[in-house]
Amino acid sequence: MKRSLGSNSSNNSGSGSNKKTKKKNNPSNQKTLGAAWGAASSRSSFRSSPFSDFGSYMEVKNRKLQNQFETEASASSHGVSGSEKLIFQGVSIFVDGFTIPSHQELRGYMMKYGGRFENYFSRRSVTHIICSNLPDSKVKNLRAFSRGLPVVKPTWIVDSISANRLLGWVPYQLDQLNDTQPKLSAFFAPRSHLTPQMASPVTSCPLDTGYSEAEEGSSIRAEHSEETRDHVDDEFDGVYIGNTTPELTEETGTGDLKSSEMNAERLANYDIEEKEVSSELQSTTKLHSASDNKSVHANGKNDGKSIATAAGSSARRHSTLEDPNFVENYFKNSRLHFIGTWRNRYRKRFHGPSNGLKWADSGQNTAEMDKKSTIIHIDLDCFFVSVVIKNRLEIHDKPVAVCHSDNPKGTAEISSANYPARAYGVKAGMFVRHAKELCPQLVILPYNFEAYEEVADQFYDILHRHCRKVQALSCDEAFLDVSDLRDVEPEFLASTIRNEILETTGCSASAGIGGTMLMARLATRVAKPAGQLYISAEKVEEFLDELPVGTLPGVGSVLKEKLVKQNIQTCGQLRLISKDSLQKDFGVKTGEMLWSYSRGLDLRSVTAVQESKSIGAEVNWGVRFRDQQDVCILVQHFLQCLCKEVSLRLQGCEMIGRNFTLKIKKRKKDAEEPTKYMGCGDCDNLSRSITVPTATDDVEVLQRISKKLFGSFCLDVKEVRGVGLQVSKLDSADPSNKASRTLKSWLSSASASVQIEQDDNVFAAKVRENSDCNRHVTGGVSRLRESNSAESSIQSGDTNSSLPPMCHLDMEVLENLPPELLSELDGTYGGKLFELIEKKRGKRKINSNSPHVSLDGTVASIKELKSLSVKIHGLSTSGEKEYKESYVPHPSIARTFNQRTIEMTDLMPSSLSQVDVSVLQELPEELRADVLGAFPAPRRQQLSSDVPMETCKKQDEEPIDIKGTENESGFSCSSLWFGNPPLWTEKFKVSGNCTLEKLSEIYYKVAQSRPMLSPVLQHAISEIESFHDGSANDLDKAIYDVCELLKQYIKLKVEGDIEEIYLCFRLLKRLAARSQLFLQVYEILSPFIQASISEHYGGSFSIP
Amino acid sequence: MNLKDDNQSGEVAGTVVEFMEVAITMIVFLKGFYPSAAFERRRYMNVVVQRARHPELRDYIHSAAYGLLPFIQKGLVERVAVIFFSEDNVPVERFIFKLTINPSSAALVEEAQLQFALRSFLIKLSVSKSLVKPLPQNCRWEVTAYLRSLPQVGSSKEGELWIPTDTKQWQNPPVITPVKSLNSEPLCLQLYLEHPSLSQPHNLVKPNAAHEPQVR
């Protein structure tokens, strides 16, 4: 019997109906289920049913299903043959989602071979989960989903049967769970697979990490049926089943997608809560998840409905709102994407490196004898249509148009129309609706990208066979330079090629032949369709005389209008105008172009495909983000997908780039919803770019950059109508410039047992991730504890013995690492953590005696987040000594540390800067004093402001905006000033120097309201008489300490508050007049202050 | 405030611009550039401020401040300087507003809080007479904005209002006297004075003109 999740869920109707749909498909149970609906279809009838509550109803139901199964099983095993080995004895499977063989077949197998089949998931009775695909949310929350049970592919069962014995399930584990992305974090524990410790103590170990994008509707549905145990749901179900069409069910499914993620997350929460000892915060989390779920539920439902009416039966999800895989689908269905990516395909196919060289030579030749050159421009006639209809003779002469969708609303744009359709006035770019008005019998067909690819390849095969110099313009259009082929008449050659194309591809082509690329192209225009035209040098003028200017390439509607205003209609008229006046009127380049084009001149020569200068992807259709709580997660997810696409394209071209431009289409202030369904409408185009020092195609880097760029726009996401990411400053990605990648590939050797540790922290990571993104949402605090950290800490202690603990890392080395690498490290070490610490300082509780790692974070919104990089925040506290060196490393390192403390005594961090001050602050006062006192003097000297985290952070921000450091809150800048009261007060208090003690005292007195230094100094002036300078030795130390304090304070404030610095500066001067100590401090600091002011403001303080 | 954008950072920018208009007027008044009769007392943010009576002066200050709005919204403006020049076009005093608007945290601030913070600037300005240098004869003044990057000329209408400046700069680093600083989450604003350093020789350098657009 399952735990009921009903108490706080308002599950959505879609899930309910799905559940029912599924059950309905189960013929063997149909009768029973029919009865169940009756019982549950309304509250009143439910009350009158024999079951006191839903729980007992389910219990009876499960029992009944079991009995049915058993009777069927015994019947079948007797019926077939008694000799079948009961190979699945003791195995009880639960099938999640769509599988091959089907769920029913599997049930049959289990019946036959002595296993059990559970209709409803239960940790107690199920031993294996069978599925072939998992949604990402489940993969990430695998522990919550599987409860530590093995998740196995259905082939395990089939193979076991064919082997006639129960095979080990390990090799059949779901692939999604195996392929892990290499992470730098793994770098720190890479050798574990070499040790005999590998056998892991955690049952679920190999399942733990892994990412996948696949989300199948069916698997989601399965999850619903698995977890709807709420009678409220059943009530809904009844209603919905009664009066919804299948279509609507389909549509509401779009909402499900989200709510299922919700559910997965909710499950996760329960998991947490179960383990949670202190339950004070449960209600907050629960409340939150419930409300969150509700809102999304409502949303999903609305969307589903509106689309159901708008888009008819189309089951495709149309916007970023509903479809988590929107970006992928978008590109799958985009013609422009096809054309864009086709180019790379072409380049790979026809231009090997050797080929390219030949090209360069021949290109020069053409330049030399360009006078006599002959160029053929060849173009397939209405490529996108003719390819689709080439095998459909019945519609050959009917008007046909190709369009991505043929919905009755007709708001899709036609991308290409054949000649019969064009005769009716149907044009590319026209709305289907309008086209149908012009031509009611118009046939609309979808794209067939595979066929396009095939035809394009054939097309170019033919061209390359006939001519060496081919310049591909697009998948269906090319220039051939036939000047070298003296022995063949160009006209004859063109017709041969055209015939061959028609024979091979079934599509007709047109050709234009001329002396320049321009003329060839213009000739094709006249030759179309399925014809060819040769414009010889003598005929050029004649041809151009009557040619309307608008037909010249490069002359758009705006330029044409301008020309018409000047009474220039044809190229002949254009020729009468001097180059100078053209250049004056239209700009240097355009004028030049007009001048030469009107004379048929075109200096371009046929060249191979140029190396792309930039690679990118852009989505400006269907981009809608609505104002809902998780909107920023949706946006992030969207960006992530876009980055993935761009990264794939980069990898496809084997390029890496340094400059990243994010383009945003933002709805114009007064723009209406565009007529084109989900189109971008009237938009402002914004773009920002940054350049990073190391070229990359790494998807994570892209994601980080795009996230930052997106943030820098500071727009309202509701206004966003299109997003594009472009990478330029490209380099070829040959291995020599792939430093970061080699590191990665090395990391990928990390073994599975490293991943165990990551898994333990998946929750923590997620929690942090959430809080990161939704800081504005005040969430409840959920605390979770690792259940098995004791075991794994021992394990990792051994396995990682070859690695240096973090305090042994050389900070200088870290600082000198390339920023790319450093930011990666930063990510692994929870670089952003300082902010969090700052925020949640008060909330942190550290369990001082337990060896457990307790993780702490704010759950802002219970919505799964595809983490860019798993950032893990671990605080390790185990022995007394640990207090001194708790920081925020990757947990595996923290644990290594635990282990090592016991063995080694000399584990003092080499400087105070390595101490996590927030931990320090939580310590009881005496202990804290002890810790601080324990720092030997020379070590204190090392206390510098170069806090490693800060350095990382700075580096991380650097590429975004050179001036970005000005935004820095600066709080984390210096450890002495960290916390409230700041660390230095403690340090000074125990320093033994009376001046320092006094300062600390004053600070407590005055700085409660204003945590500033200037009031302290001000007070110090009035109390200066009571200050005694100590011995000379003592004095030196005190001076050093005060200087350090001030220096850090200045660094902290110099960006944002020079007023305060100036105040301190003047107060210091006054103090200097009265105290020897401060005089020296002033003398030391004065140049420092002036230098930092000069650095930031380009001047120096006026000395009062 | 018809120019206010509907999002928060736009609101912050709007407030800043409004404040800037008042503050520039205050500075001009403080310097005694025009006879004090050219100003009238007004209340802004609950502080007594001065407002130029002459419509052209008022208009110049207004348009200078509001001309900055699109750039401030985009986070392009780094510093806004009110520069006073001597007869030979040598700057003698510069009031610098150094500002950073942090868009990411813009959602948190309340208008009232921001106004409260900005008010302290106006109060401090009104008592800062002692900091400023006496004006030389035949001086003039101008508002110059220092942008983080140059806007595309001709790309936007706003950009056309601005011309690159050829303001001379001091050769030596100036002497800085901070007036007021505000370091809050959405907005960091610092007001300080720059004077030529005492050892300032009188040979001046022409700046790289492309970097400093100037109002009109």
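Just so it is clear: chains get the letters A, B, ... in the order the sequence lines come, proteins before strands, and each one is counted from 1.
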query = What do you reckon, is CZ of R688(A) surrounded by more than 12 foreign heavy atoms closer than 6.0 Å?
reply = yes
task = Can you see which heavy atom on P174(B) is nearest to which on G1098(A), and at what distance?
result = CD-O, 2.8 Å
query = For atom CZ of F116(B), is the number of surrounding heavy atoms from other residues, nucleotides or ligands below 6.0 Å larger than 12?
reply = no
ask   = Do K98(B) and Y1097(A) come within less than 4.5 Å of each other through their side chains, counting heavy atoms only?
value = yes
message = Surrounding NZ of K129(B) (heavy atoms of other residues, nucleotides or ligands, distance under 6.0 Å), is the total greater than 12?
response = yes
remark   = From the list T177(B), I96(B), L193(B), the residue making the most non-hydrogen contacts under 4.5 Å with chain A is T177(B)
inquiry  = Quick one, F1101(A) and V175(B) - any side-chain contact, counting heavy atoms below 4.5 Å?
reply    = no
S1094(A) versus chain B, the contacting section by heavy-atom distance below 4.5 Å = neither
query = S181(B) and I1058(A): which non-hydrogen atoms are nearest, and at how many Å?
reply = OG-N, 3.3 Å
task = Working to the nearest 0.5 Å, report the span between CD of E194(B) and OG of S1102(A).
result = 11.5 Å
key: chain A contact via L182(B) - side chain, backbone, both or neither, heavy atoms under 4.5 Å   = backbone
note = So CD1 of I176(B) and NE2 of H1096(A): to nearest 0.5 Å the spacing works out to 11.5 Å
task = Identify, with sequence neighbours excluded, every residue that meets side-chain contact (heavy atoms from CB on, under 4.5 Å) alongside K180(B).
result = E1059(A), S120(B), F121(B), K124(B)
request  = Taking salt bridge (charged side-chain N to carboxylate O under 4.0 Å, His left out) as the test, write out the residues that go with K663(A), two or more places apart.
outcome  = E618(A)
